[in-house]
Amino acid sequence: MTRSLSLLGATGSIGASTLDLIRHNRDDWQVEALTANCSAAELAQLAVEFDAKIAVVGDETCLPELREALAGSGVEAAGGAQALCDAAAQSVDMTVAAIVGCAGLAPTMAAVERGGTIALANKEALVSAGDILKKAVDRAGAILLPTDSEHNAIFQCLAGNDIGRVRRIILTASGGPFRTLTGEQLQSVTREQALKHPNWEMGAKITIDSATMMNKGLEFIEAHHLFPVGLDNIEIIVHPQSIVHSMVEYRDRSVLAQLGPSDMRVPIASCLAYPDRMKTPLTPLDLAAIGSLTFEAPNEELFPATRICREAIEAGGAAPAVLNAANEIAVEAFLAGQIGFTRITAVVEETLARYSAAAPGTSEEVLAIDGEARQRARDALESSTLV
Ligand code: NDP
């Protein structure tokens with residue numbers, strides 16, 4: 001039976017992996033909406049290839065280019081923040097939420113409020129507005145399928161078990177490209193080095209987040225929202241091979257792990273086919289060739305991001321949204337060559353220290369906090385202590 005799908009963030013890395021799976025299972029899917037921010041030519045090409053009903057750019061100034069590229073194709077073109085939410089709210093069997101950053105919050109919320117099934121990759125939405133998003137999920141009867149590889153692994157390890165019997169969730173982290181460096185060496189790493197992840201091919205923002213370990217900190221918060229086992233029962237362990245994608249320990253000390261290639265098509269396929277399984281074009285895991293799987297404790301002195309994230313979620317209220325916004329600004333500044341690598345987490349910590357706000361009760365309030373925190377982070381970027 002053909003199922004309908006909308007893909008938010010179609011031109012990104014998760015978007016490409018999702019569309020590759022659809023390409024290999026073309027008869028099973030009808031693509032409704034594909035979205036991007038401003039990659040209009042690429043979006044138009046994908047919309048035509050996948051016979052989408054509508055293509056949407058978030059940045060309205062890119063709409064004329066999209067319209068021109070789609071002229072005569074029969075694919076409708078739209079642009080702007082409202083158009084993005086309208087596309088996300090369309091009735092489909094599956095919405096893949098793969099916009100990067102807090103920019104994905106409003107469209108993800110629109111899909112949730114419609115009561116749809118959402119494959120959620122956009123972790124920043126959950127970090128910034130976890131409680132609000134979860135309440136909306138319950139209210140609307142929506143289904144969130146965790147797409148992040150670690151959370152998808154946990155989701156798979158929990159299947160058929162009572163979450164009340166879980167003793168610990170163990171989130172694995174590759175440790176990123178700088179795991180073995182000294183503090184002094186970390187001071188001088190370049191943008192190019194940081195953009196080369198040892199195991200995963202991903203968008204620029206999450207690749208930098210992986211290098212600082214902020215990604216793991218954001219995932220700690222994400223795990224807390226998705227799997228209510230208590231913050232003290234979520235642990236992070238470094239596993240440089242990225243083969244074990246996370247683990248669940250039960251109260252009898254039995255530990256279940258999910259293994260697979262370091263390829264996002266595996267967790268995406270698990271979401272697309274859920275609760276069934278679909279074929280993927282991936283080569284099977286060759287454990288003999290991999291040889292050994294190793295584990296080590298994270299080094300929070302060199303990589304403080306996981307501590308900062310733990311403190312932010314313990315503080316609760318607006319802190320996770322402030323943290324996320326500050327990190328987005330700091331990563332942008334690092335990618336633009338404005339600050340050094342170790343300044344990223346310093347800017348985040350500085351912003352959290354300088355700005356607190358009342359706990360948000362709606363996603364609009366989260367976005368207001370996000371906007372203010374971005375400004376505070378820009379101020380922190382310019383502060384003499386951080387240059
Ligand atoms: P990319 O940077 O590769 O792609 C981001 C997508 O979002 C693009 O389609 C981009 O459009 C769109 N976009 C960016 N900004 C906006 C905006 N303001 N409004 C509307 N659309 C926007 O990111 P990834 O695919 O790597 O990551 C997407 C999400 O998935 C992130 O939250 C990430 O943390 C999460 N994730 C990613 C993994 C991966 O392997 N890549 C693994 C696990 C989670 P355009 O091309 O026009 O800029």
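Just so we're clear, the structure is a prediction, and the values are computed from it rather than from any experiment. The residues of the chain are indexed from 1 along the displayed sequence. As the structure lists them, so they are numbered: ligands from 1, and atoms in each ligand from 1. Excluded from the calculations below are hydrogen atoms, water molecules and symmetry mates; all remaining heavy atoms, backbone and side chain alike, are included.
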Going by distance only, is there an N or O of [X] that falls short of 3.5 Å from an N or O of ligand 1?
X      : answer
Leu84  : no
Ala103 : no
Ser39  : yes
Ile14  : yes
Ile206 : no
Asn37  : yes

Answer whether the closest heavy-atom distance between the side chains of [X] and [Y] falls below 4.5 Å.
X      : Y      : result
Ile344 : Ile339 : yes
Ile234 : Glu219 : no
Glu32  : Ile54  : no
Met213 : Asn299 : no

Determine whether the side chains of [X] and [Y] contain a donor N or O and an acceptor N or O closer than 3.5 Å.
X      : Y      : answer
Ser262 : Asn199 : no
Thr147 : Asn152 : no
Glu300 : Thr306 : yes
Glu150 : Thr172 : no

Of the backbone atoms (N, CA, C, O) and the side-chain heavy atoms from C-beta on, which set of [X] has a member under 4.0 Å from an atom of ligand 1: side chain, backbone, both, or neither?
X      : result
Met264 : side chain
Ile99  : both
Asn215 : neither

Options [options], ranked by nearest heavy atom to [atom], top entry:
atom                    : options                : value
atom 2 (O) of ligand 1  : Ser262, Gly203, Cys38  : Gly203
atom 7 (O) of ligand 1  : Val100, Asp59, Leu8    : Val100
atom 31 (C) of ligand 1 : Glu124, Glu219, Glu150 : Glu124

Over 60° means perpendicular and under 30° means parallel, so classify the ring planes of Phe155 and Tyr274, tilted if in between.
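Tilted.
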Check ligand 1 against [X] and write out every atom of the ligand that is under 4.0 Å from a heavy-atom position of the residue.
X      : value
Asp148 : 43 (C), 44 (C)
Gly9   : 6 (C), 7 (O), 9 (O)
Ala121 : 30 (O), 32 (O), 35 (C), 36 (N), 44 (C)
Thr11  : 8 (C), 9 (O), 10 (C), 11 (O), 45 (P), 46 (O), 47 (O)
Asn122 : 32 (O)
Ala10  : 9 (O)

Does atom CD of Gln375 have more than 12 heavy-atom neighbours, drawn from other residues, nucleotides or ligands, at distances under 6.0 Å?
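Counting other residues, nucleotides and ligands, CD of Gln375 exceeds 12 neighbours.
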If you draw a 6.0 Å radius around CD in Gln45, do more than 12 non-hydrogen atoms from other residues or ligands fall strictly inside?
no
Got a second to check how far Glu124's CD is from Asn122's CG, nearest 0.5 Å?
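Rounded to the nearest 0.5 Å, the CD-CG separation comes out at 5.5 Å.
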Protein contact to [atom] [nearest heavy atom, distance to 0.1 Å]:
atom                    : answer
atom 34 (O) of ligand 1 : Lys123 CE, 3.2 Å
atom 3 (O) of ligand 1  : Ser13 N, 2.9 Å
atom 28 (C) of ligand 1 : Ala98 O, 3.3 Å
atom 4 (O) of ligand 1  : Gly12 CA, 3.1 Å

Leu43/Thr35 under side-chain contact (heavy atoms from CB on, under 4.5 Å): CA gap, chis, key distance, verdict
CA-CA 7 Å; Leu43 181 66; Thr35 82; 5.6 Å; no
